[in-house]
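Have a look at the structure below before the remarks.
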Number of protein chains: 2
Amino acid sequence: MSLKNKLIKVVVVEPLGEINLGSIARLCMNFGVNELRLVSPRCNHTSTEAKKMAAHGKMFLENAPIFPNLLEAIKDCSRVIATCGRIDHGEIPLHSSENALKWFLSSPSNNPIAIIFGREDRGLSNLELQMAQKVITLSTSKIYPSLNLSHAAAIILHQLMEYAEMPHSSYQEKISNPAYPKEFNDFIEDAKELLLEIGFLHKHTAQARMTKIKKLLHKAEVSSEEISLIRGIVRQMRWFSKTKKN
Amino acid sequence: MSLKNKLIKVVVVEPLGEINLGSIARLCMNFGVNELRLVSPRCNHTSTEAKKMAAHGKMFLENAPIFPNLLEAIKDCSRVIATCGRIDHGEIPLHSSENALKWFLSSPSNNPIAIIFGREDRGLSNLELQMAQKVITLSTSKIYPSLNLSHAAAIILHQLMEYAEMPHSSYQEKISNPAYPKEFNDFIEDAKELLLEIGFLHKHTAQARMTKIKKLLHKAEVSSEEISLIRGIVRQMRWFSKTKKN
C-alpha cells in the first residue's frame, strides 16, 4: 500500500481557530493528503495567521472547498472515518485506529476517502459520528484527555502514513463494496419515516432506536448491494402502509 | 507497562515559538509526562500566549527548569531518545520509533528518562543527537517532510502512550544497566583527549572519527560497567603517555 494513489480528503467541521486550520493545512502537505474540505468554517481560513501556520501547505487553505453540512462534504467518499474525543459517544462503537485505518487504506485507488475532524469546542455530534462507517478515538491520559485539534490530526495522519508504508498489510479486506455514507443516510431516513408511519417509532424515541439500527449496520460493514436490498424492502413497506390507509 | 510509574522528561532545546512551547505543555498534560525541561529558551515560556495554548497544562510552563546546555538537562536520565527531522544526520543511525520507544519504556521505574526535541529552525546538532542513546525520525511525505515542533511531539508522545498501554510488551530487554549519557559523554571526552595526545586523531579530523566511535558504542548498547572499564583503560593510557613524555 502507498498513499500515492489515495485521494484522502481531510474534512474539518465548523473550525473556530485560524492557527488550528493553518496547522492542519501544513499537516496535509506533510502527509500527502489530497484535499482539505471545510464544513461551515467559523473563522477566516485564508487569513494571514492561518497561512503563516500552514507554511508550505497554504494552497490547501486557498483551494479548500466549503460545504454547508457534513453529508455534502463526504457524499463522494466511499470510506469515511470520524474522530471522537468525547466520552459521551453513547452506543457508537469505537474502533482501534489500527484496524480502522488499515480498512480505510485498503479502499480501491481513485475512490475519494475521508477523515473527519470535529469542532474544537464540542467535537462531532453523535448524528455526525454516525455518518462515518467507523469512529476512532486516541489514547490519552485520563486526567486531561482533550487534545488540541491539530495534534489529533497530526497523530492520525502520521499513523495513516506508517500503515501505508508497511511492506505487507495484514489487513484482510472483508467487503468489496461498502455502502457510501450518503446511501446509508438516505436509507436511514427512509427507514425512520417508515418506522414512524407504522408506529414502531415515536418522535421522542426515534433517535435512540435509530442509533441502534445504525450500529448494527456499521458492525455488519453493510455493502451498497445490501443497502439497496433493504431500502427496496423499506420502500415497498411504505408504499404498502400508505395504500392501506387510503 | 504503564506510564504511571515513568518519570518522563520532555526536553526542548532552544525553542523559538511561544505557541509551540504552550502546545507542548498541553501535550505533556495529555500524555502523562512528568516534567518539561528547557535548554536556553529563545522566547518567554510563561507569556500569556504560551499559557493560552497550554490550556490545562500551563503548570508545565510555570515549573519548567531551565538548563544552560543539553548535557546538563539530561544528566540524571538513564535512557534518552532524541528526535531528528533533518536528512543530514550523517552516520548517526536512526531507529524505528517502535523499537526505540519500547526500549525506552522498559527502563526501571523511578529512573528519570528523557525525550529530546530540537530547535524549530535547525533541529538538534549531530553532537546533540549523539548524546542520546537512540535517535528516531518520523515518516512523512518526501515532498514536505518538515513537521511543526509540537506536531512531532504529539505523534511521539501518543506512540509512547500506545506502547505503554499494550498488554504484553514484546520488547525483550537486552541490557540491564545502560550507560548514562553523561558518563558516556565524559568517557568520549577522555578518549578524544587521549587519541589527540597519542596522535591517532588530528584536530581537524577528530569529530568525524569520534562519531564513528560513538556509533559503535551506541550500536553495542554499552552499559555503565563497560564504560567504566574502557574509561579505566583510557585513563591508564593517558597516564602512561604523559609519563613517557616527561
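Model, not experiment: these values are computed from the prediction. Sequence lines set the chain letters: A, B, ... in the order given, protein chains first and strands last, and positions in each chain run from 1.
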Fill in the blank from the handout: In terms of heavy-atom contacts, Ser141(B) and Met161(A) come closest through N-SD, 3.6 Å
Exercise for the section: Can you check whether anything in residues 10-25 of chain B gets within less than 4.5 Å of chain A, heavy-atom wise, and list it by number? Expected result: Ile19(B), Ser23(B)
Exercise for the section: Select, from His56(B), Arg26(B), Lys142(B), Met29(B), the one with the greatest count of heavy-atom pairs under 4.5 Å involving chain A. Expected result: Arg26(B)
Exercise for the section: Taking heavy atoms only and a threshold strictly under 4.5 Å, list by residue number the residues of residues 146-158 of chain B that touch chain A; give 'none' if the list is empty. Expected result: Ser146(B), Leu147(B), Asn148(B), Ser150(B), His151(B), Ala154(B), Ile155(B), His158(B)
Problem - Polar side-chain atom of Asn5(B) near backbone of Asn110(B) as donor-acceptor pair, under 3.5 Å - result: no
Handout entry: Asn34(B) side chain to Lys6(B) side chain, donor-acceptor N/O pair below 3.5 angstrom
Key = no
Problem - Glu72(A) atom CD, over 12 foreign heavy atoms within 6.0 Å - result: yes
Handout entry: Chi angles and distances behind the side chain to side chain donor-acceptor pair (under 3.5 Å) call for Asn44(B), Thr46(B)
Key = CA-CA 6 Å; Asn44(B) 176 6; Thr46(B) 53; 3.2 Å; yes
Practice task
Would you mind reporting whether Pro181(B) and Lys75(B) have side-chain heavy atoms less than 4.5 Å apart?
Solution key: no
Completion exercise
Cut-off 4.5 Å, heavy atoms of chain B, and the answer for Leu138(A) is both
Exercise for the section: Taking Thr137(A) for its side chain and Cys84(A) for its backbone only, find out whether a donor-acceptor pair lies under 3.5 Å. Expected result: yes
Fill in the blank from the handout: Taking every heavy atom of Ser78(A) against every heavy atom of Ile113(A), the minimum-distance pair comes out as OG-CG2, 3.9 Å
Practice task
Begin with the C-alpha distance, continue with both residues' side-chain angles, and end with the deciding distance and a verdict on salt bridge (charged side-chain N to carboxylate O under 4.0 Å, His left out) for Lys52(B) and Glu49(B).
Solution key: CA-CA 5 Å; Lys52(B) 191 181 149 204; Glu49(B) 193 160 31; over 6 Å; no
Problem - Intermediate values then yes/no, salt bridge (charged side-chain N to carboxylate O under 4.0 Å, His left out), Glu35(B) and Arg37(B) - result: CA-CA 6 Å; Glu35(B) 190 177 52; Arg37(B) 296 179 171 185; 2.7 Å; yes
